[in-house]
Engineer: 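Structure in C-alpha cells, see below.
As the structure is a computational prediction, the values presented were derived from the model and not from experiment.
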Amino acid sequence: MHVVITGAGRGIGKVLADRYRAQGCDVTGTARDGSAEVALDVTDPKQHKAMAEKLAMRPVDLLVCNAGVYLDKSQTIDGYPAEMWAQSFAANVTGVFLTVQALLPNLRAAQGKIAILSSQMASHTRAPGGSYIYRSSKAAVLNLGRNLAVDLRGDGISVGIYHPGWVQTDMGGTGADITVDKAVQGLINRFDTLSLESTGCFETYEGQSHPY
C-alpha cells in the first residue's frame with residue numbers, strides 16, 4: 001500500500017508516517033522544510049507540480065492531507081490582519097485542493113482514499129468565539145471534502161474528513177487532551193474503515209460522527 005502524507009515532518013504527520021512504515025507500507029511524506037521524502041510547501045503550485053512529476057505512474061492508495069497552520073491562536077478581536085487570513089486559507093484550504101488535484105491520476109489508478117484532517121472547530125455547533133481564521137479555514141476544508149466526496153465517487157475514490165482530537169503537539173500545546181500516539185491510532189482505524197459507503201463522513205478520531 002502506498003500512503004502519501006503531507007506535513008510529515010513533525011507532529012501527527014510524522015507519527016502517522018512512522019506507524020505506516022512499521023506496518024510495511026510504502027510511505028511518501030512531504031514537508032515544507034525538506035525533512036521528509038518530498039519537499040512541499042502546499043501553498044506553492046510549482047512544488048505540487050514537481051511532486052506530481054516525482055510520483056508519476058505510482059498509484060496512491062491513501063492520501064492524508066495533514067499539513068496546515070494555526071496562525072491566529074493569540075489574536076484578539078482587533079487583530080486578524082488580512083495577510084494572516086490569506087496565508088491560513090492558502091495552507092489549510094487551497095493547499096488541500098492543490099494536493100488532491102496534483103495526485104488525482106495516482107488516486108484514480110488505485111481507486112484510493114483521501115483523508116482530510118479538519119477539526120471540531122469547523123463545526124457550527126462549536127462556536128465559542130475566537131480563532132476566527134482557523135475556525136473558518138477548517139470549516140472551509142470540511143466543505144471542500146464533502147464536495148470532493150460527491151465528485152470523486154464515480155472514480156471509486158472515497159473521502160473522509162476527521163477531527164484528530166486536541167493533541168499534544170506544537171500546535172495543540174502541552175495542555176492538550178490526548179497524546180499523538182492515541183490520536184494517530186484512532187485516525188489509522190478511521191482511514192482503514194473509510195469506503196464509498198461512508199464517503200463524505202466527518203468523524204472524530206474515536207469514530208464518532210461529528211455534527212457539521
Side-chain angles (χ1 to χ4, degrees), residues 1-68 91-118 141 144-145 147-162 164 180-181 183-201 203 205 207:
M1 183 167 94
H2 182 203
V3 182
V4 176
I5 304 169
T6 65
R10 61 179 182 173
I12 291 173
K14 184 178 187 305
V15 178
L16 275 171
D18 291 344
R19 192 71 61 84
Y20 276 118
R21 288 191 186 98
Q23 292 180 5
C25 296
D26 179 13
V27 177
T28 300
T30 81
R32 183 172 52 187
D33 62 4
S35 59
E37 289 82 0
V38 174
L40 177 67
D41 178 341
V42 295
T43 69
D44 187 344
K46 292 181 180 178
Q47 292 189 31
H48 280 285
K49 182 179 179 181
M51 175 186 65
E53 291 173 351
K54 184 170 184 176
L55 297 182
M57 307 304 293
R58 292 184 62 190
V60 172
D61 299 282
L62 173 63
L63 168 61
V64 182
C65 295
N66 164 73
N92 294 352
V93 187
T94 310
V96 172
F97 181 78
L98 292 177
T99 304
V100 172
Q101 191 177 54
L103 296 179
L104 196 50
N106 312 70
L107 288 159
R108 282 173 170 152
Q111 291 191 320
K113 304 178 183 183
I114 301 169
I116 298 173
L117 295 198
S118 179
V141 83
L144 172 63
N147 282 281
L148 284 171
V150 173
D151 288 336
L152 297 180
R153 177 187 284 275
D155 292 311
I157 298 170
S158 50
V159 182
I161 307 98
Y162 301 96
V180 178
D181 284 338
V184 164
Q185 187 55 59
L187 289 170
I188 288 175
N189 291 341
R190 304 286 74 72
F191 304 163
D192 285 348
T193 59
L194 176 62
S195 69
L196 289 177
E197 284 69 41
S198 60
T199 191
C201 63
E203 295 180 343
Y205 73 100

Engineer: Distance check, rounded to the nearest 0.5 Å: Leu144 atom CG versus Ile114 atom CD1?
Structural biologist: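 CD1 of Ile114 is found 9.0 Å from CG of Leu144.
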
Engineer: What closest approach, in Å, do Ala183 and Pro164 show between heavy atoms, and which atom pair accounts for it?
Structural biologist: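 Reported closest heavy-atom pair: CB-O, 3.4 Å.
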
Engineer: What's the shortest heavy-atom distance between Pro59 and His2, and which atoms?
Structural biologist: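 That would be O-ND1, 2.9 Å.
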
Engineer: State, with a plain yes or no, whether a side-chain heavy atom of Thr193 is found less than 4.5 Å away from one of Ser198.
Structural biologist: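 Result no, sub-4.5 Å side-chain heavy-atom pair not found.
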
Engineer: Taking atom CG of Leu148 and atom CD1 of Ile157, what is their separation to the nearest 0.5 Å?
Structural biologist: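 So the gap between those two atoms works out to 9.5 Å.
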
Engineer: For residues Ala36 and Ala8, report the shortest heavy-atom separation together with the two atoms involved.
Structural biologist: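 Looking at all heavy atoms of both residues, the shortest contact is CB-CB, 4.5 Å.
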
Engineer: Distance from Tyr20 atom OH to Thr28 atom OG1, nearest 0.5 Å?
Structural biologist: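 Separation between the atoms: 13.5 Å.
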
Engineer: Before giving the answer on side-chain contact (heavy atoms from CB on, under 4.5 Å), spell out for Val42 and His48 the whole-Å C-alpha distance, their side-chain angles and the decisive distance to 0.1 Å.
Structural biologist: CA-CA 7 Å; Val42 295; His48 280 285; 4.0 Å; yes

Engineer: Give the minimum heavy-atom separation between Ser158 and Thr199, together with the two atoms involved.
Structural biologist: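 Reported closest heavy-atom pair: CA-OG1, 3.5 Å.
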
Engineer: Name the residue from Asp41, Thr6, Thr99 that meets the side-chain contact (heavy atoms from CB on, under 4.5 Å) definition with Thr30.
Structural biologist: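 Of the listed options, the one satisfying the test is Thr6.
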
Engineer: Check Gly7 against Ala67 and note the closest heavy-atom contact, atom names and distance.
Structural biologist: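 It is N-CB, 3.7 Å.
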
Engineer: Between the side chain of Asn106 and the main-chain N/O of Leu55, is any donor-acceptor distance below 3.5 Å?
Structural biologist: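 Pair found, side chain donor or acceptor close to backbone of Leu55.
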
Engineer: Drop me the distance from Lys113's NZ to Leu196's CG, to the nearest 0.5 angstrom.
Structural biologist: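 Reported to 0.5 Å precision, the distance equals 9.5 Å.
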
Engineer: Please name the residue in the list Val184, Leu187, Ile12 that meets the side-chain contact (heavy atoms from CB on, under 4.5 Å) test with Tyr205.
Structural biologist: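 Option passing the side-chain contact (heavy atoms from CB on, under 4.5 Å) with Tyr205: Leu187.
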
Engineer: Is there a side-chain contact between Leu16 and Phe191 in this structure, where contact means two heavy atoms from C-beta onward sitting under 4.5 Å apart?
Structural biologist: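 They are in contact (side-chain heavy atoms under 4.5 Å apart), so the answer is yes.
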
Engineer: Are side-chain heavy atoms of Leu107 and Asp155 found at a separation under 4.5 Å?
Structural biologist: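 Side-chain contact under 4.5 Å: no.
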
Engineer: Does any pair with a residue in residues 18-31 pass salt bridge (Lys or Arg N to Asp or Glu O under 4.0 Å), and if so which ones, sequence neighbours excluded?
Structural biologist: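 Matches after skipping sequence neighbours: Lys14-Asp18, Asp18-Arg21, Arg19-Asp181, Arg21-Glu37, Asp26-Arg58.
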
Engineer: Considering all heavy atoms of both residues, which atom of Asp44 and which atom of Lys46 are nearest to each other, and what is their separation?
Structural biologist: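 Looks like OD1-N, 2.9 Å.
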
Engineer: Tell me, do Ile188 and Gln23 make a side-chain contact under 4.5 Å, heavy atoms counted?
Structural biologist: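 Heavy-atom side-chain distance check passes, below 4.5 Å.
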
Engineer: If you measure from CG on Leu194 to CD1 on Ile161, what distance do you get to the nearest 0.5 Å?
Structural biologist: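 Result: 9.0 Å between the selected atoms.
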
Engineer: Check whether more than 12 heavy atoms from other residues, nucleotides or ligands sit under 6.0 Å from atom CZ of Arg32, and answer yes or no.
Structural biologist: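 No - once you tally the heavy atoms of other residues, nucleotides and ligands closer than 6.0 Å, there are 12 at most.
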
Engineer: I need the Ile5 CD1 to Leu62 CG distance, nearest 0.5 Å.
Structural biologist: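 The CD1 atom of Ile5 sits 7.0 Å away from the CG atom of Leu62.
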
